[in-house]
Amino acid sequence: MSTRSWAEPYKIKAVELIRMTTREQREAAIREAGYNTFLLRSEDVYIDLLTDSGVGAMSDRQWAGLMTGDEAYAGSRNFYHLRDTVEKYYSYKYMVPTHQGRGAEHILSQILISDGDYIPGNMYFTTTRLHQELAGGTFVDVIIDEAHDPLSEHPFKGNVDIEKLDALVEKVGADHIPYICVATCVNMAGGQPISLANIREVRAWCDRNNVLLVHDMTRVAENAYFIQKREDGYADKSIQEIVFEICSLTDVATMSSKKDAMVNIGGFLAMNDPDLYEKACGLVVVYEGLHTYGGMAGRDMEALAIGITESVDDDHIHARVGQVEYLGERLERAGIPIVKPIGGHAVFLDARRILPHIPQEQFPAQALAAALYLESGIRSMERGVVSAGRDKVSGENIMPKLELVRLTIPRRVYTQAHMDVTADAVIRITENAAQIQGLRFVYEPKVLRFFQATFDPVID
Ligand SMILES: *Cc1c(COP(=O)(O)O)cnc(C)c1O
């Protein structure tokens, strides 16, 4: 392992001012937001760790790229640059741009899924699963059991359990499994990687069963970093080489370029099969835009092409994940229960252990996220029972084993001092955890309820 520190391989050229609020202001703001951090105004937030999506800092080269946007309706120069970049770094031959990741998920689900199909995946993702369900499919979790245990130190908690895949074939038949969706650096498991050895096993399983391998490649570069650090035989391979190898083992990819690729908006669906590409071109014109811009402006495709190149740079990714590890290690040293090992894009607080007095029916992670905002102006996100939603058959709340608060670190945005302020705030609220109350729904939306739900404290 390199002894070099994770110090940033860039310097700051422009700054964005942020404002510290008073406790009174924050009390009013969180009440008005119904104790849902998604409903806070950004102006009322001091350090915004809600998400790493679309909030990265673009480089001067990406900003310069915006000026070279070719806004032709058809055949934009930037489309060809993006297409060639996707093939060079990610191996996929064909690509349709979409407005963001879920646009790609929508198109793919509509093409490949028929009523009654099953789609295995290494843990669900909110929008991915919903698009599978809207197309008539049922998601099946085939991640290894360790992924559901916040205490397990398994180095590749994103791995697929091949026995669970075999059991699914036994039960429903391979004919009813159009594809498996494998995410790299699994978001809902805590930003946990999948190993290349496991991806190869999944590839072999797909070949045996004639099932497509779809790659949710939103955080593939961060996954490559963990492979380089932890998997035998990869210490001397570059991030670029590892990313390419991962992609080469898969057939299709959905990408939210708002994460790894450091642009504010955008995504794509990529594949090697010309027939699938033809079908995707047919649907992208209906839902996104012509196949050479999808949901994106020419300038945005240019910034994305440049962002992809920067995202696979070794120094960049070491600093990126290094900052996350810095925050996680500070919390760990203070005895705060977090998901281990520390993930690639975020530190996940274990709300069950921090708030043992709040039952899961009263949304401990949601309550913890609201309390952290109130204490410090830091915005985080619930990833527990509220995000999991209701079972589509029984209508009951799905009670996930993981009840987490995600402190998500935007790429190239905050400094080490911001990480220290964050760690101090988490330590303070954990010391006073007994005062935090559970929550109950005031308004519960029918789909993706975590985005717009409102709550009230449970007074007992
Ligand atoms: C963000 C994300 C998506 C969806 O992408 P959007 O750009 O938000 O539509 C899909 N999968 C994973 C793992 C993600 O993190």
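Ligands are counted one by one from 1 in listed order, and the atoms in each one are counted from 1 as well.
Near Thr127, meaning under 4.0 Å from one of its heavy atoms, ligand 1 places the atoms 4 (C). Close approach to Ser256 involves these atoms of ligand 1, each under 4.0 Å from a residue heavy atom: 5 (O), 6 (P), 7 (O). Which parts of ligand 1 touch Lys258 is read off a 4.0 Å heavy-atom cut-off, strictly below it: atoms 7 (O). Taking a cut-off of under 4.0 Å to the non-hydrogen atoms of Asn187, the atoms of ligand 1 that pass are 15 (O). Interface atoms of ligand 1 facing Lys259, defined by a heavy-atom separation under 4.0 Å, are 1 (C), 2 (C), 3 (C), 5 (O), 14 (C), 15 (O). Each of the atoms 10 (C), 11 (N), 12 (C), 13 (C) of ligand 1 lies under 4.0 Å from some heavy atom of Asp216. Each of the following atoms of ligand 1 lies closer than 4.0 Å to a heavy atom of Arg102: 5 (O), 6 (P), 8 (O), 9 (O).
Taking the centre and axis of the six-membered ring of Phe450, the NZ or CZ atom of Arg383 falls inside the cone set by 45° and 6.0 Å.
Nearest to atom 6 (P) of ligand 1 among the protein's heavy atoms is Gln100 NE2, 3.3 Å.
Applying the side chain to side chain donor-acceptor pair (under 3.5 Å) test between Arg411 and each of Gln323, Glu222, His345, Glu310 identifies Glu222 as the sole match.
The number of heavy atoms from other shown groups lying within 6.0 Å of CH2 (Trp205) is above 12.
Distances between N or O atoms of Gly266 and those of ligand 1 include no value under 3.5 Å.
Judged by distance alone, the side chains of Tyr287 and Gln110 never bring a donor and an acceptor atom under 3.5 Å apart. Using modelled atom types, one finds no donor on one side chain facing an acceptor on the other under 3.5 Å when comparing Thr292 with Tyr80.
Separation of the Tyr90 and Phe244 ring centroids does not fall under the 6.0 Å cut-off.
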